[in-house]
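Here's the structure we're looking at; comments come further down.
Predicted model, so just to flag it, every value in this text is computed and none were measured.
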Amino acid sequence: KVKSLSLMGGGGSIPMNTELLDLAENGDPKAVDLMMDWAHGPAGHFGGHAVPGLHHINIGGTIVLNSSVKDTLGVDFRACDNYKNGFDAAKKIKCPTINILGEKDRMCPLKEGKKLANIIEDSKVAIIENCGHMILLEEADKALAILKKFIQKKHPKS
């Protein structure tokens, strides 16, 4: 029933930095600051939000801090660190797939995203320059344009 699949910043595994994982699991708000710094590429650090006066890193940090760091970020990071089946699962995907990757992604490096795409039959990679892991915060318009082009190509109107 799935006609196509779109991934953003996808990799077969996402091993976590042990210090960041410990901070998150202990509920330390410093984990949010480190994550936001690490997950954004150069464009996200500079600003460039579509709404004047807003900044990607502050927005993301505020969203995460409004929930419990330990119960959300810690659990999420542990799940990322524990998951090791991504490459085997990717071999089972049998529909057109695109993996949209940030050129400067440090959470899921470009080479890991390409490695995942190479395993998936009928898979393409789109790379957004100067972008980190927070693709939808940093480059929402570019990501949307890539998704539209992919979907329209794979599913043209009759």
Side-chain angles (χ1 to χ4, degrees), residues 1-18 20-21 24-25 31-32 34-51 54-57 59-61 63-64 67 71-158:
K1 292 186 179 191
V2 176
K3 293 182 179 182
S4 63
L5 179 64
S6 300
L7 307 171
M8 282 198 200
S13 65
I14 302 179
M16 296 301 304
N17 175 285
T18 54
L20 180 56
L21 181 57
E25 288 186 324
V32 176
L34 290 173
M35 177 198 67
M36 296 311 291
D37 176 55
W38 185 255
H40 282 82
H45 279 95
F46 184 70
H49 195 281
V51 178
L54 295 182
H55 189 264
H56 301 286
I57 293 175
I59 291 171
I63 292 168
V64 175
S67 57
D71 294 335
T72 54
L73 198 57
V75 170
D76 178 43
F77 284 176
R78 178 56 67 189
C80 288
D81 197 59
N82 285 341
Y83 187 70
K84 309 293 183 210
N85 192 43
F87 294 113
D88 288 334
K91 293 174 187 173
K92 297 175 186 175
I93 297 172
K94 301 296 179 199
C95 64
T97 302
I98 190 165
N99 195 358
I100 301 171
L101 304 170
E103 175 193 32
K104 304 290 185 183
D105 190 340
R106 294 180 288 177
M107 301 286 284
C108 178
L110 198 53
K111 67 178 182 175
E112 292 300 317
K114 288 179 177 180
K115 184 177 170 183
L116 178 67
N118 285 336
I119 292 172
I120 300 171
E121 186 179 311
D122 193 15
S123 179
K124 305 286 184 235
V125 170
I127 300 168
I128 299 178
E129 293 181 5
N130 254 352
C131 187
H133 191 66
M134 297 292 191
I135 295 167
L136 290 178
L137 286 179
E138 293 180 77
E139 297 290 355
D141 290 342
K142 289 179 183 177
L144 181 58
I146 292 167
L147 285 170
K148 283 182 178 179
K149 184 177 177 182
F150 173 72
I151 290 168
Q152 289 170 348
K153 185 176 180 180
K154 295 297 176 183
H155 311 287
K157 293 179 183 176
S158 302

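- H40 has its side chain within reach of L137: a pair of non-hydrogen atoms, C-beta onward, lies under 4.5 Å apart.
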Review point. E112 and M107: side chain to side chain contact (heavy atoms under 4.5 Å, CB included), yes or no, with the steps?
Key: CA-CA 10 Å; E112 292 300 317; M107 301 286 284; over 6 Å; no

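- Across every non-hydrogen atom of A90 and I119, the tightest pair is CB-CG2, 3.9 Å.
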*Show your reasoning for whether side chain to side chain contact (heavy atoms under 4.5 Å, CB included) applies to M134 and M36.*
CA-CA 9 Å; M134 297 292 191; M36 296 311 291; 4.0 Å; yes

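- With rounding to the nearest 0.5 Å, the separation of CG in L20 from CZ in F77 is 4.5 Å.
- Taken from CG in D37 to CZ in R106, the straight-line distance is 5.5 Å, to the nearest 0.5 Å.
- Between G9 and H133, the shortest heavy-atom distance links the atoms O-CE1, 3.5 Å.
- Contact of the K142 side chain with the I100 side chain is not registered, since no non-hydrogen atoms from C-beta on lie closer than 4.5 Å.
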Q | Intermediate values then yes/no, side chain to side chain contact (heavy atoms under 4.5 Å, CB included), E138 and N130 | A | CA-CA 9 Å; E138 293 180 77; N130 254 352; over 6 Å; no

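- Of the possible donor and acceptor atoms, none in the side chain of S6 sits under 3.5 Å from a partner among the backbone N and O of S4.
- Within the model, atoms OG1 of T97 and NZ of K124 stand 10.5 Å from one another, a figure rounded to the nearest 0.5 Å.
- Contact check for N17 versus L34: no side-chain heavy atoms found under the 4.5 Å cut-off.
- Rounding to the nearest 0.5 angstrom, the gap separating the CD1 atom in I98 from the CE atom in M8 is 9.0 Å.
- Inter-residue side-chain proximity for I120 and L7 is flagged as met; some heavy-atom pair is nearer than 4.5 Å.
- Separation of atoms CE (M16) and CE (M35) is listed at 9.0 Å; rounding is to 0.5 Å.
- Atom NZ of K84 has more than 12 neighbouring heavy atoms from other residues, nucleotides or ligands inside a 6.0 Å radius.
- L5 CG to D122 CG: the interatomic distance, rounded to the nearest 0.5 Å, is 11.0 Å.
- Residue pairs meeting the salt bridge (charged side-chain N to carboxylate O under 4.0 Å, His left out) criterion with at least one member in residues 92-105, sequence neighbours excluded: K94-E121.
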